[in-house]
Enquirer: 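One structure follows; several queries about it will come next.
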Number of protein chains: 2
Amino acid sequence: MIISTRGRYALRVMMDLAENSSGDYIAMKKIAERQGLPLKYLERILPVLTQNRIVEGIQGKGGGYRLTRRPEEYPVGEILRLTEGDLAPVTCLECGAEPCEKRAECRTLPMWNKLHGIINAYLDSVTIADLIAGNI
Amino acid sequence: MIISTRGRYALRVMMDLAENSSGDYIAMKKIAERQGLPLKYLERILPVLTQNRIVEGIQGKGGGYRLTRRPEEYPVGEILRLTEGDLAPVTCLECGAEPCEKRAECRTLPMWNKLHGIINAYLDSVTIADLIAGNI
DNA sequence: ATAATACCGACCTGAATGGTAGGTTGAAAT
DNA sequence: ATTTCAACCTACCATTCAGGTCGGTATTAT
């Protein structure tokens, strides 16, 4: 399994924000209720999205979250890379990984590299708008 | 990360068996030494390969393992599915998973399905012989 | 008999998942 | 000013999984 609940919940939140965008900020409590997800857990997932300007978060009464782009401008891959970390198929390809000493002669690495590329290319070809429209 | 050491080690073993096939059975101890992998751990990984006739294992002195097909007849995907379980990107798609009650209306499922297909198609297009030949 | 080998089950450690609990900060409504 | 609602933050916790290790048993050639 690659994609944990963190990434899946983040996608659900993004879709909810996209579908209920009236210009107002939307409280996470509303989204949690609508989507049937644990509020406290969502609160732990969302900071990375606000820090990366994926969504805009406003505190205080009447606050909440709002998209910063149009739904068709959010590739699914971008959301997943932020919430899940790299979508690397093997640890060797992860960003922070200490380089494997067999890297130079490794004969499986090209395969993992290509797989990594294929996965990212596909996930970046789908947008939040596509998910909503059922355009898969 | 999708692929753990189980699957990666299994591939290394298969490549080693393919490259050192003289018709004789090859002791796992030899492979562990050559590849620098923990023998005891390999012994825990291999039974699933023998049970599925991927390799043939013979006990006793002079025993060991031997491929049952030619290297070009082993798709990487087959080895990985046996050692890693499904290569499903989300738990919802795993074989033994209890069906999600939102499955019918889930709008991300088609994307996961397609991704799953893409991953399997690629990994099944590469064979052990390709890995050895650097044919990626 | 002995040595070498696959095979098998129990155990162990550390990290990650999937949360929960409780509080702090900030802004708007009263 | 006070209250209320919201994001934000830190610590904790239970369960599962990764990546092994350990010790032994069954089987076969010499």
Side-chain angles (χ1 to χ4, degrees), chain A residues 1-10 12-13 17 24-33 35-66 80 83-86 88-92 94 96-98 100, chain B residues 1-10 12-13 17 24-33 35-66 80 83-86 88-92 94 96-98 100:
Chain A
M1 208 257 302
I2 317 175
I3 309 298
S4 68
T5 53
R6 283 181 62 86
R8 299 210 304 275
Y9 289 2
R12 302 263 295 269
V13 167
L17 283 172
D24 291 356
Y25 291 91
I26 300 175
M28 192 47 59
K29 195 179 172 189
K30 284 280 182 193
I31 300 182
E33 283 170 5
Q35 302 290 330
L37 301 177
L39 173 61
K40 282 302 201 176
Y41 192 33
L42 292 184
E43 284 184 343
R44 266 206 16 194
I45 296 173
L46 259 82
V48 67
L49 295 184
T50 57
Q51 283 155 23
N52 289 84
R53 316 276 173 181
I54 298 295
V55 297
E56 185 191 357
I58 288 269
Q59 288 191 6
K61 192 166 184 174
Y65 294 93
R66 198 165 63 174
L80 293 179
T83 50
E84 296 282 333
D86 306 314
V90 288
T91 44
C92 331
E94 284 170 9
E98 77 285 0
C100 174
Chain B
M1 211 257 301
I2 316 177
I3 308 299
S4 67
T5 54
R6 285 181 60 85
R8 300 208 305 272
Y9 289 2
R12 302 262 294 269
V13 168
L17 284 173
D24 291 355
Y25 292 91
I26 301 176
M28 191 48 58
K29 195 180 173 188
K30 284 280 181 194
I31 301 182
E33 282 169 7
Q35 301 292 329
L37 303 177
L39 172 61
K40 283 300 204 177
Y41 191 33
L42 291 184
E43 284 184 343
R44 267 206 17 192
I45 296 173
L46 258 82
V48 68
L49 294 184
T50 57
Q51 283 155 23
N52 288 84
R53 315 277 173 181
I54 298 296
V55 297
E56 185 190 358
I58 288 271
Q59 288 191 7
K61 192 166 184 176
Y65 294 93
R66 198 167 62 174
L80 293 179
T83 49
E84 296 283 334
D86 306 313
V90 287
T91 45
C92 330
E94 283 170 9
E98 77 286 359
C100 174

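Just so we're clear, the structure is a prediction, and the values are computed from it rather than from any experiment. In what follows, every chain begins at residue 1, and chains take the letters A, B, ... in the order their sequences are listed.
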Enquirer: Between the side chain of A/R8 and the main-chain N/O of A/I3, is any donor-acceptor distance below 3.5 Å?
Expert: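 Yes; judged by distance alone, with no hydrogens or angles, the pair exists.
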Enquirer: D/dG20, OP1 or OP2 - any side-chain N/O from B/Y9 closer than 4.0 Å?
Expert: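 So the side chain of B/Y9 is within the cut-off, an N or O lying under 4.0 Å from OP1 or OP2 of D/dG20.
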Enquirer: Just the rounded figure in Å: distance from P of C/dA6 to CD1 of B/I45.
Expert: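 In whole Å, C/dA6 P lies 14 Å from B/I45 CD1.
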Enquirer: If only atom types and distance count, is the side chain of B/E84 paired as donor or acceptor with the main-chain N or O of B/S4 below 3.5 Å?
Expert: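 Confirmed, B/E84 side chain pairs with B/S4 backbone.
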Enquirer: Given atom NZ of B/K30 and atom P of C/dA6, what is their separation to the nearest angstrom?
Expert: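 After rounding, the gap between these two atoms is 12 Å.
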Enquirer: Return no unless some side-chain N or O of A/S4 is found under 4.0 Å from OP1 or OP2 of C/dA16.
Expert: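 For C/dA16, neither OP1 nor OP2 has a side-chain N or O of A/S4 closer than 4.0 Å.
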Enquirer: Output the rounded distance in Å from CG (B/D24) to P (D/dA29).
Expert: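 Nearest whole value for this atom pair: 13 Å.
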Enquirer: Of all heavy-atom pairs between B/Y65 and B/G57, which one has the smallest distance, and what is that distance?
Expert: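 Heavy atoms of B/Y65 and B/G57 come nearest at CD2-CA, 3.7 Å.
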Enquirer: Using whole Å, report how far CD1 of A/I2 lies from C1' of C/dA16.
Expert: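 To the nearest whole Å, that distance equals 16 Å.
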Enquirer: Hey, can you pull the residues of residues 49-64 of chain A with a non-hydrogen atom under 4.0 angstrom from DNA chain D?
Expert: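 Output list: A/T50, A/I58, A/Q59, A/G60, A/K61, A/G63, A/G64.
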Enquirer: Measure the distance from CE on B/M28 to P on C/dT5 and round it to the nearest whole Å.
Expert: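 One finds 12 Å between P of C/dT5 and CE of B/M28, rounded.
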Enquirer: Roughly, in whole Å, what's the span from CG in A/L17 to C1' in D/dA7?
Expert: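 Value for this atom pair: 13 Å.
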Enquirer: Please report the distance, rounded to the nearest Å, between CD1 in B/I3 and C1' in D/dG19.
Expert: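 Roughly 16 Å, once rounded to whole Å.
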Enquirer: Would you check if B/Q35 and B/V13 make a side-chain contact, meaning some heavy-atom pair closer than 4.5 Å?
Expert: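 Not touching, per the 4.5 Å side-chain cut-off.
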Enquirer: At a heavy-atom distance below 4.0 Å, what parts of residues 35-44 of chain A sit against DNA chain C?
Expert: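 A/P38, A/K40, A/Y41, A/R44, in order of number.
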Enquirer: Indicate whether OP1 or OP2 belonging to D/dG19 is found under 4.0 Å from a side-chain N or O atom of B/T5.
Expert: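 Yes, within the criterion.
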Enquirer: Determine the minimum heavy-atom distance between B/E94 and B/D86, stating which atoms define it.
Expert: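 For B/E94 and B/D86, the tightest heavy-atom pair comes out as CA-OD2, 3.2 Å.
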Enquirer: So A/T83 and A/V48, do their side chains get closer than 4.5 Å, heavy atoms only?
Expert: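 Yes, at least one pair of side-chain atoms sits under 4.5 Å.
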Enquirer: On a heavy-atom basis, which atom in A/P38 and which in A/Y9 lie closest, and how many Å separate them?
Expert: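 Minimum heavy-atom separation between A/P38 and A/Y9: CD-CE2, 4.2 Å.
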Enquirer: Any side-chain N or O of B/Y65 below 4.0 angstrom from OP1/OP2 of C/dC7?
Expert: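 Answer is yes, contact under 4.0 Å.
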Enquirer: Tell me: CZ of A/R66 to C1' of D/dA6, nearest whole Å?
Expert: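 For the pair A/R66 CZ and D/dA6 C1', the rounded distance is 15 Å.
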Enquirer: Under the side chain to side chain donor-acceptor pair (under 3.5 Å) rule, what pairs show up with a residue in residues 36-53 of chain A, not counting sequence neighbours?
Expert: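 Sorted result for residues 36-53 of chain A: A/T5-A/Y41.
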Enquirer: To the nearest 0.5 Å, what is the distance between CD1 on B/I26 and CG on B/L17?
Expert: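 Going from CD1 on B/I26 over to CG on B/L17, the span is 5.0 Å.
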